[in-house]
Number of protein chains: 2
Amino acid sequence: MTVKIKDVARRAGVSVTSVSRVLNGEKYVSEDILNRVNQAIEELNYSPSYIARSLKKQKTNTIGVIVPDLTSNFYSTILSSIEETASKYGYNLIVCNIAENLSKELKYLHIFQEMRVEGIIIMHEKTNEEIVNFIRNATMPILFSSVQSPDADFISVLIDDYQAAYDATEYLIRSGHTAISYLGGDLEDVTSGQNRYNGFRDALSKHHITIPEEYVKFGDYKLPSGHRLMGELLALAQPPTVVFAASDDMAVGALNCVLDQGFRVPEDVSIMGFDGSTITDIVRPSITSMQQPIYEMGQVSLENLHRLIIRDKHRPQADIMLQHQLVERESCKTMHPSNSR
Amino acid sequence: MTVKIKDVARRAGVSVTSVSRVLNGEKYVSEDILNRVNQAIEELNYSPSYIARSLKKQKTNTIGVIVPDLTSNFYSTILSSIEETASKYGYNLIVCNIAENLSKELKYLHIFQEMRVEGIIIMHEKTNEEIVNFIRNATMPILFSSVQSPDADFISVLIDDYQAAYDATEYLIRSGHTAISYLGGDLEDVTSGQNRYNGFRDALSKHHITIPEEYVKFGDYKLPSGHRLMGELLALAQPPTVVFAASDDMAVGALNCVLDQGFRVPEDVSIMGFDGSTITDIVRPSITSMQQPIYEMGQVSLENLHRLIIRDKHRPQADIMLQHQLVERESCKTMHPSNSR
DNA sequence: ATGAAAGCGCTAACAT
DNA sequence: ATGTTAGCGCTTTCAT
């Protein structure tokens, strides 16, 4: 049916080996054969089979990626960065968007295994026993990106979420805020749930600040939950002076809620985000946020997965921590007496 | 090295054929063999090779997707929808983000070909001779999503961009605007460049409205270009009363420019977007936009690519037009005397 | 109902 | 420098 290496060989009047050699750019091919083969390839419009080659070489140059939510700017930016780096290293990407569906994740992990991908990047933290089990028994390297791995044996590329949340909270305190609210993610998530929340709590304790328990609420990282939760906060007799959200999307939800009710940010309420997605710079007022090095995260993830794959001597032995950085924009005001109106 | 079908057969004490039958859920296998094989698979933690199977069956269940910009909400939403539908049909997705890089696109088209993907979805319109040439000679179905194909022989799934822009412009005119500005995309792009611009122009002509040529400016669909172009508009002695942007991102850029200069939307300037990405509902004021059925577009694209692949008798013979719809939000005010302040 | 063996398209010894 | 051939791991006739 389709034209194969044998056809090219016949057309060029050489052996399949010679064609293979030309295909793989090996030496020991005369100029004459090189030309004849290339011409035959051209004439027959021959395209070598990646599949046959993969089978023979036991190598696929393929990496599987599991994304929690493709439509999220945070994840799609990491994915974009992974893709760009993968392309440079000659890897192709199989992408699975799991959309909160753990059984889909498990299914795709098995498909990745059957496809003999050379490595897997997972950007999802929620997990279950079957998945952990799969990961433990997997034959190929698996790397977690932007989240903590469920098992100390696996490498994660991420920031120190605890410290980042701690630093962000301290910034708020230093700005004179004491009525600080926290809009958290899911406490089942270690990275973005527990670590960030603990960082927040500990910064408060360190500075001997106590807040009413209604100031702490948990959502799902997405915009609508930030909007809803902010509504509850504004309905309080004593609303907080600042809201620290565990994701930028929740921060934007909170911002819109404040705006929609006719209040101003940061004059009436300050808002701090987390992640540093592009959205922080798009909305008005722009949102002060604890910035993750999103683009770098994708690149570093792929580079280290590659090291794991080739068993490089510099391959990572432990989690790789990237730097967080607070980026001040317009949504947080300082409460210091000297700076206040 | 890895455990293969032969090992399973030996362990279960049956032939490889029987193992293969169990693997593929064929009938004509006794309960006894079924159990023994399944047990052997379990014990050996056997994972069948997708590659060997693909080679033998000459079928990969894989689809290649070319995305112009993964970080764009518009494209990532379509991709997400394609992924979801693909998963239902049992296809795996190889994703390439070309980021304006035509040589990368060509390279990946060849890789897709070598990988023997069963179909390709392209969401990118800019093209060159080599790419068109590849597409013409391709052995697998290629479908264009959200953009016009460069060749009438190929199927596109998209809206009627001309009519949509025409309708949007007419809406503005009916709202009493006559000083209408257009922030276009790249005129090299048929779909989002030429068609939208022509729809705009023709609606104006139809209603005998002429605008100064400085009211028409072209950017690159992205936010910063909208911001920059809006700055030029505001510097005019007679700025327009409404700006129609060829993409939501440009509309947001324009919005921010107006806001950043201390003016109000829609009181001072109205803004109309195009695409209906989620961003239109996120910013404040929210943006009135010509909505594309983004999610549906991904689904319909994949379904029809599937029909093309299986040579279904209902497979599409011509472009598939989806409905556009103007969604009114907060960024456009009506200028009718009766409704004005 | 089960098995033996050919072959999918390629690469890599090995031989010359 | 070039060619012959075995075999990657599976499916699928074809026998039995």
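In the text below, chain A, chain B and the rest are named by the order of the sequence lines, each starting its count at 1.
- When the C1' atom of C/dA4 is taken as reference, atom CD1 of B/Ile5 falls 14 Å away, rounded to whole Å.
- Counting only heavy atoms from C-beta on, A/Thr17 has its side chain closest to C/dA13 among C/dT11, D/dT11, C/dA13.
- Remark: C1' of D/dC10 and CD of B/Glu26 are 12 Å apart, rounded to the nearest angstrom.
- Atom CE of A/Met140 and atom CG of A/Leu109 lie 8.5 Å apart (nearest 0.5 Å).
- Each of B/Asp186, B/Asp189, B/Asp69 was compared with B/Tyr221 under the side-chain hydrogen bond (donor to acceptor under 3.5 Å, both in side chains) criterion, and only B/Asp189 meets it.
- A donor-acceptor contact under 3.5 angstrom links the side-chain atoms of A/Arg21 to the base of D/dG3.
- Ion pairing of B/Asp32 with B/Arg36 is present here, as a side-chain N (NZ or NE/NH1/NH2) and a carboxylate O approach within less than 4.0 Å.
- Picking from C/dA5, C/dC10, C/dT2 the nucleotide with the shortest atom distance to the side chain of B/Val29 gives C/dT2.
- Which of D/dT2, D/dC10, C/dC10 sits closest to the side chain of A/Ile33 comes down to D/dT2.
- The residue among A/Val14 and B/Tyr50 whose nearest nucleotide of DNA chain D is located toward the 5' end is A/Val14.
- Here D/dG9 presents its P atom at 16 Å from NZ of A/Lys59, a figure rounded to the nearest Å.
- Considering only side-chain N and O atoms, A/Gln58 lies nowhere under 4.0 angstrom from the phosphate OP1 or OP2 of D/dG7.
- Using a 30° and 60° split on the angle between ring planes, A/Tyr89 and A/Tyr91 fall in the parallel class, below 30°.
- Between the side chain of B/Ser30 and the base of C/dT2 there is no donor-acceptor pair of N/O atoms closer than 3.5 Å.
- Proximity of A/Lys4 to the phosphate of C/dG9: a side-chain N or O atom is located under 4.0 Å from OP1 or OP2.
- Atom CG in A/Leu55 sits about 14 Å away from atom P in D/dG7, given to the nearest Å.
- Following rounding to the nearest Å, A/Ile41 (CD1) and C/dG9 (C1') show an atom-to-atom distance of 14 Å.
- We find that CZ of A/Arg10 is positioned 14 Å from C1' of C/dG9, with the value rounded to whole Å.
- As judged by a 4.0 angstrom heavy-atom cut-off over every strand, A/Ser18 is placed among residues touching the sugar-phosphate backbone only.
- Residue A/Ser15 places at least one side-chain N or O closer than 4.0 Å to OP1 or OP2 of D/dG3.
- Atom CG of B/Leu322 and atom CD1 of B/Ile294 lie 11.5 Å apart (nearest 0.5 Å).
- Look at NZ on A/Lys56: it is 10 Å from C1' on D/dT5, rounded to the nearest Å.
- Residues B/Asp32 and B/Lys57 both approach DNA chain C. Their nearest nucleotides, taken by heavy-atom distance, put B/Asp32 toward the 5′ side.
- In this structure, B/Ser20 does not reach the D/dC10 phosphate: none of its side-chain N or O atoms is under 4.0 Å from OP1 or OP2.
- Atom pair B/Lys6:NZ and D/dT11:C1' shows a separation of 16 Å (rounding to whole Å applied).
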